[in-house]
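Since the structure is predicted, the reported quantities are computational estimates derived from the model, not experimental observations. Because only heavy atoms are used, hydrogens play no part in the values below, and waters and symmetry mates are left out as well, while side chains stay in.
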Amino acid sequence: MDKSRRASHAGSWYTDNPKRLAEELDGWIRAAGLPKSSDVRGVIAPHAGYSYSGRAAAYAFGNIDPTNISRVFLLGPSHHYYTPKCALSTATVYKTPIGDLPIDLEVIEELKATGKFELMDLRVDEAEHSMEMHLPYLAKVFEGHPVKIVPILVGALSAENEAMYGKLLAKYIDDPHNFFSVSSDFCHWGSRFNYMHYDKKCGAIHKSIEALDKMGMDIIETGDVDSFKQYLLEYDNTICGRHPISVFLHMPRNSSTKIKIKFLRYEQSSQCKTMRDSSVSYASAAARVDA
């Protein structure tokens with residue numbers, strides 16, 4: 001029996017009008033003007049409301065060649081529900097205003113059988129926005145191509161657990177029919193986020209935020225998960241998808257497929273100039289097979 005996860009943020013975080021949503025996504029993908037490549041096997045993309053990060057996200061999803069991909073693993077951070085583990089969806093289908101995405105129940109059973117995952121109920125699933133914000137883009141890009149999804153909610157993992165989940169998921173990256181959609185925003189700056197790191201050497205506050213984010217992005221591009229951990233310890237940058245990103249970085253370490261991550265877009269929701277301001281940063285990357 002089908003158990004649907006509603007598009008619970010449609011109508012607030014993005015339009016629930018199918019025609020308008022399809023036009024917006026098409027417009028952003030066209031504006032990004034990226035060639036589709038079968039080498040792209042994963043993305044890191046933001047998950048804010050589309051009026052904030054929809055345009056930036058196109059620089060991730062616009063790279064995808066859907067021809068050979070039949071399964072998308074979603075790795076999204078948990079904003080409201082605390083777990084020290086990763087959790088699997090109990091739904092059978094994720095709805096979007098522009099088409100539904102069926103869940104790969106076979107892979108869910110496979111992951112369940114490891115005994116390492118917990119299950120999230122539909123209430124937790126629908127309250128979380130980090131994976132939902134990737135769904136309309138995936139539905140758009142895979143239009144006319146049969147694709148199944150494997151949503152994984154990534155909890156507040158220890159470094160050991162990040163490595164363990166990375167190892168466990170590594171075999172899936174070796175299959176070229178699989179794709180990974182990793183959800184993260186970057187710096188959340190301002191008193192409302194309780195984070196106000198400011199290096200005056202950079203000039204304006206927004207320049208300092210950019211320098212801090214770019215430092216993290218450069219480290220992610222090297223694929224060195226230990227350096228990323230060190231960076232987070234030192235600067236405590238409020239990258240909400242730090243755990244999904246770390247799990248993703250661990251995967252190629254344990255597989256024969258080598259992946260090269262490259263950031264293609266960086267934006268801020270606004271430019272902070274005074275300590276009263278606040279902003280969230282959005283960065284989009286493509287992960288390619290590194291021959």
Going by the rule salt bridge (charged side-chain N to carboxylate O under 4.0 Å, His left out), which residues pair with Lys201 if we only count those two or more places apart in sequence or in a different chain?
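So Lys201 forms a salt bridge (charged side-chain N to carboxylate O under 4.0 Å, His left out) with Asp199.
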Asp65: which residues meet the salt bridge (charged side-chain N to carboxylate O under 4.0 Å, His left out) condition with it, sequence neighbours left out?
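With sequence neighbours excluded, Asp65 shows a salt bridge (charged side-chain N to carboxylate O under 4.0 Å, His left out) to no residue whatsoever.
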Rounded distance [0.5 Å steps], OG1 in Thr90 versus CG in Leu105
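It comes to 10.5 Å.
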Roughly how far, to the nearest 0.5 Å, is the CG atom of Asn178 from the CZ atom of Arg71?
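That separation rounds to 4.5 Å.
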Apply side chain to side chain contact (heavy atoms under 4.5 Å, CB included) to residues Thr257 and Tyr172 and explain how you reach the verdict.
CA-CA 10 Å; Thr257 306; Tyr172 297 105; over 6 Å; no
Indicate yes or no: at least one non-hydrogen side-chain atom of [X] is less than 4.5 angstrom from one of [Y].
X      : Y      : result
Pro77  : His243 : no
Tyr50  : Leu21  : yes
Phe61  : His134 : yes
Val107 : Phe73  : yes
Phe179 : Val141 : no

With distance as the sole criterion, is a donor-acceptor pair present between the side chains of Glu118 and Thr83 under 3.5 Å?
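Looking only at side-chain atoms, Thr83 and Glu118 do form a donor-acceptor pair, the distance falling under 3.5 Å.
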Hydrogens and angles aside, do Ser37 and Arg288 bring a side-chain donor and acceptor to less than 3.5 Å of each other?
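Yes, Arg288 and Ser37 have a side-chain donor paired with an acceptor closer than 3.5 Å.
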Joint cluster assignment, Leu153 & Leu122, ILVMFWY side-chain distance < 4.5 Å
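Different hydrophobic clusters.
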Side-chain heavy atoms nearer than 4.5 Å, only ILVMFWY residues, links allowed to pass through others: does that put Met251 and Leu168 together?
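They do share one cluster, since a chain of ILVMFWY contacts under 4.5 Å joins Met251 to Leu168.
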Heavy-atom closest pair, residues [X] and [Y]:
X      : Y      : value
Tyr198 : Gly203 : OH-O, 2.5 Å
Tyr137 : Gly54  : OH-O, 2.7 Å
Phe193 : Ser279 : CE1-O, 3.8 Å

Those residues that, when tested against Phe117, pass ring pair (Phe, Tyr, Trp, His ring centres under 6.0 Å) (two or more places apart)
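Expected list: Tyr165.
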Under the side-chain hydrogen bond (donor to acceptor under 3.5 Å, both in side chains) test, which residues partner Arg242, sequence neighbours left out?
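Arg242 satisfies side-chain hydrogen bond (donor to acceptor under 3.5 Å, both in side chains) with no residue once adjacent residues are dropped.
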Suppose we screen for side-chain hydrogen bond (donor to acceptor under 3.5 Å, both in side chains). Which residues come up paired with Lys273, at least two apart in sequence or across chains?
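In terms of side-chain hydrogen bond (donor to acceptor under 3.5 Å, both in side chains), with neighbours along the sequence ignored, Lys273 is linked to no residue.
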Is a donor on one side and an acceptor on the other found under 3.5 Å between the side chain of Tyr81 and the backbone of Gly155?
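No, because the side chain of Tyr81 does not come within donor-acceptor range (under 3.5 Å) of the backbone of Gly155.
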Residue pair Glu162, Lys229: steps toward the side chain to side chain contact (heavy atoms under 4.5 Å, CB included) verdict:
CA-CA 11 Å; Glu162 286 172 351; Lys229 183 65 69 211; 2.9 Å; yes
Which is it for Trp189 and Thr238 under the side chain to side chain contact (heavy atoms under 4.5 Å, CB included) test, yes or no, and what are the steps along the way?
CA-CA 8 Å; Trp189 195 94; Thr238 41; over 6 Å; no
Identify every side-chain donor-acceptor pair in residues 213-227 under 3.5 Å, counting partners at least two apart or on other chains, and give the distances.
residue: Asp213; atom: OD1; partner: Cys187; partner atom: N; Å: 3.2
residue: Asp213; atom: OD1; partner: Asn237; partner atom: ND2; Å: 3.0
residue: Asp213; atom: OD2; partner: Tyr266; partner atom: OH; Å: 2.6
residue: Asp213; atom: OD2; partner: Ser281; partner atom: OG; Å: 2.7
residue: Lys214; atom: NZ; partner: Glu210; partner atom: OE2; Å: 2.9
residue: Glu221; atom: OE2; partner: Phe263; partner atom: N; Å: 2.7
residue: Thr222; atom: OG1; partner: Ile219; partner atom: O; Å: 2.5
residue: Thr222; atom: OG1; partner: Asp224; partner atom: N; Å: 3.2
residue: Asp224; atom: OD1; partner: Asp226; partner atom: N; Å: 3.1
residue: Asp224; atom: OD1; partner: Ser227; partner atom: N; Å: 3.1
residue: Asp224; atom: OD2; partner: Ser227; partner atom: OG; Å: 2.8
residue: Asp226; atom: OD2; partner: Arg253; partner atom: NH2; Å: 2.9

